[in-house]
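Below is one structure, written out as structure tokens, with a few remarks after it.
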There are 2 protein chains.
Amino acid sequence: MQGRSLSQEDASPGLVSAAIQAITQHIRTEGLGPGDLLPSEADMTRRLNVSRTVVREALRSLSAMRLIDMSAGRRASVAKLDISAMSMVIEHGVTTEQISVQQVYDVRRTIEMRTVALAALRRTDAEAAEIADRARLMRENCKKPEIVMEHDIAFHEAIAKASHNPVFALIVNAFSGVTRRTWVIGWRTRASEAEQLKMIEGHQEIARAIGAGDPRRAAEHMAEHFDKSVKALIDAGIA
Amino acid sequence: MQGRSLSQEDASPGLVSAAIQAITQHIRTEGLGPGDLLPSEADMTRRLNVSRTVVREALRSLSAMRLIDMSAGRRASVAKLDISAMSMVIEHGVTTEQISVQQVYDVRRTIEMRTVALAALRRTDAEAAEIADRARLMRENCKKPEIVMEHDIAFHEAIAKASHNPVFALIVNAFSGVTRRTWVIGWRTRASEAEQLKMIEGHQEIARAIGAGDPRRAAEHMAEHFDKSVKALIDAGIA
DNA sequence: TGTGTAGAACCTATCATACAGGTTTGTCGT
DNA sequence: ACGACAAACCTGTATGATAGGTTCTACACA
């Protein structure tokens with residue numbers, strides 16, 4: 001007893017892929033939004049006429065891509081937008097040497113030149129304050145690289161958020177993982193303490209420009225920041 | 001008999017998450033590259049001291065993110081970079097109305113302004129030819145929207161590829177899915193045939209600029225193209 | 001009438017086992 | 001040396017069982 005059914009397209013081979021299709025389509029056709037519940041596994045098992053194993057692997061796949069949330073005892077639900085999956089993809093690309101760190105920086109530069117300009121135009125006061133705070137905290141902790149790094153990453157994420165375009169925020173977030181793995185290298189390369197401070201001041205300049213609502217100046221400082229960061233990485237021998 | 005083992009961090013709850021961690025870490029520590037084989041499921045079952053169900057769900061998750069390739073009878077292998085997972089995330093965001101089409105276009109514009117400039121600088125002759133070909137094919141099939149669309153998408157992907165930065169290619173690819181869902185709307189909005197032709201000519205201009213190795217002109221035409229596309233979408237009532 | 005608490009009902013997480021079918025590999029006959 | 005066949009190994013899917021988490025209901029008690 002394992003009659004093929006699965007409504008339609010068995011394009012990609014395997015029942016699991018078909019189940020994934022069916023589930024995403026269900027979300028689409030039912031117009032489900034974040035938080036809405038999906039049918040239970042047993043239910044899907046009946047509807048799709050496959051074993052629970054298949055249903056579970058399909059759900060697990062969706063969960064891996066963060067399209068749905070799963071937790072014990074509760075039915076799966078549609079997830080809020082979250083691209084940490086992409087973060088894994090990028091990290092994977094870097095660790096398997098299919099992507100270079102420099103290439104990541106080029107993309108980041110491209111995107112953040114835009115987010116910073118948008119942020120300068122659209123930031124709320126609270127967002128401007130958050131951004132300025134991160135820059136300040138970087139300076140205050142300038143002796144502790146780990147902490148500076150976390151604030152640095154949060155700084156860039158806050159700017160992306162202030163751009164008010166979630167797609168930008170998503171992408172910037174996706175790069176945080178890689179950044180965490182390479183940040184220290186760039187930091188160490190800045191030989192003198194003065195140079196490290198200058199880098200932090202660059203962040204403060206950016207924060208000020210955003211606060212002043214000056215997109216051009218913000219973008220210029222961001223560009224400068226990236227140029228120096230890339231230079232630091234190259235000096236460190238990361239091609 | 002199900003002693004907890006799994007080396008370390010059970011941070012995210014669930015054995016599956018832990019298994020995912022273990023597998024990605026295995027890839028990292030063994031320095032595996034694309035095509036290299038992972039241990040068999042049975043092997044992992046023993047090593048991680050969990051059931052095969054868990055191992056399979058972990059593998060399936062990685063497979064969903066396209067970090068590994070799975071196929072019947074063969075062991076899983078490390079995958080070549082492929083971000084079609086992100087495509088699903090973006091589509092999910094759009095269908096659940098967490099992202100607007102316009103926001104996607106803003107991101108595309110930002111990125112493609114860069115890819116087109118890089119392409120003009122770094123394209124090989126073959127790549128330039130491919131890009132020009134796509135533009136030509138768009139014109140030749142201008143009566144068949146479906147075909148124009150496919151060549152349009154391929155056009156943009158070819159440019160991204162010619163930028164010689166795989167991360168850009170990845171991201172542009174990620175947007176192809178959404179584009180496929182909205183492209184026709186923009187096309188229909190261009191009322192007259194003349195307007196449709198003008199849009200296609202815009203692509204040819206871009207192709208020419210890339211062929212001529214002129215990044216500035218290429219970027220200008222790309223900007224114009226996006227501005228018009230967004231306008232078309234807005235006219236169509238897609239906020 | 002209001003409330004809270006113990007179950008019942010429902011669900012997911014994980015395990016064990018089984019079998020069908022695809023891949024790989026080595027062996028044996030020619 | 002070569003090619004076909006078989007064994008060994010692996011994955012895909014199904015089934016059934018148990019443990020433990022969630023939610024809702026109904027009943028006892030205030």
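So you know, we letter chains A, B, ... as the sequences are listed, proteins then strands, and number each from 1.
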What is the distance from [atom1] of [X] to [atom2] of [N], rounded to the nearest Å?
X: A:Glu57; N: D:dT15; atom1: CD; atom2: P; answer: 15 Å
X: B:Leu15; N: C:dA13; atom1: CG; atom2: P; answer: 11 Å
X: A:Asp69; N: C:dT12; atom1: CG; atom2: C1'; answer: 14 Å
X: A:Leu37; N: C:dC10; atom1: CG; atom2: P; answer: 16 Å

Does B:Arg46 offer a backbone N or O that forms a donor-acceptor pair with the side chain of B:Asn49 under 3.5 Å? no
Side-chain donor or acceptor of A:Gln98 paired with backbone N/O of B:Leu81 under 3.5 Å: yes
Partners passing ring-ring contact (aromatic ring centres under 6.0 Å, His included) against B:His203 (at least two apart in sequence or in another chain): B:Phe155, B:His156, B:His225
So which nucleotide from C:dT14, D:dT13, C:dC15 ends up closest to the side chain of B:Val16? C:dT14
Verify the contact: side-chain N or O of A:Ser51 to OP1 or OP2 of D:dA14, cut-off strictly under 4.0 Å; return yes or no. yes
With rounding to the nearest 0.5 Å, note down the distance linking OG in A:Ser63 to CG in A:Asp69. 7.0 Å
For nucleotides 6-11 of chain D, 5' to 3', base contacts (B), sugar-phosphate-only contacts (S) and non-contacts (-) with protein non-hydrogen atoms under 4.0 Å give ----BB
Kindly write out the residues that satisfy side chain to side chain donor-acceptor pair (under 3.5 Å) with B:Ser40, not counting sequence neighbours, or none if the list is empty. none
May I ask you to check whether B:Arg122 and B:His164 show a side-chain donor-acceptor distance below 3.5 Å? no
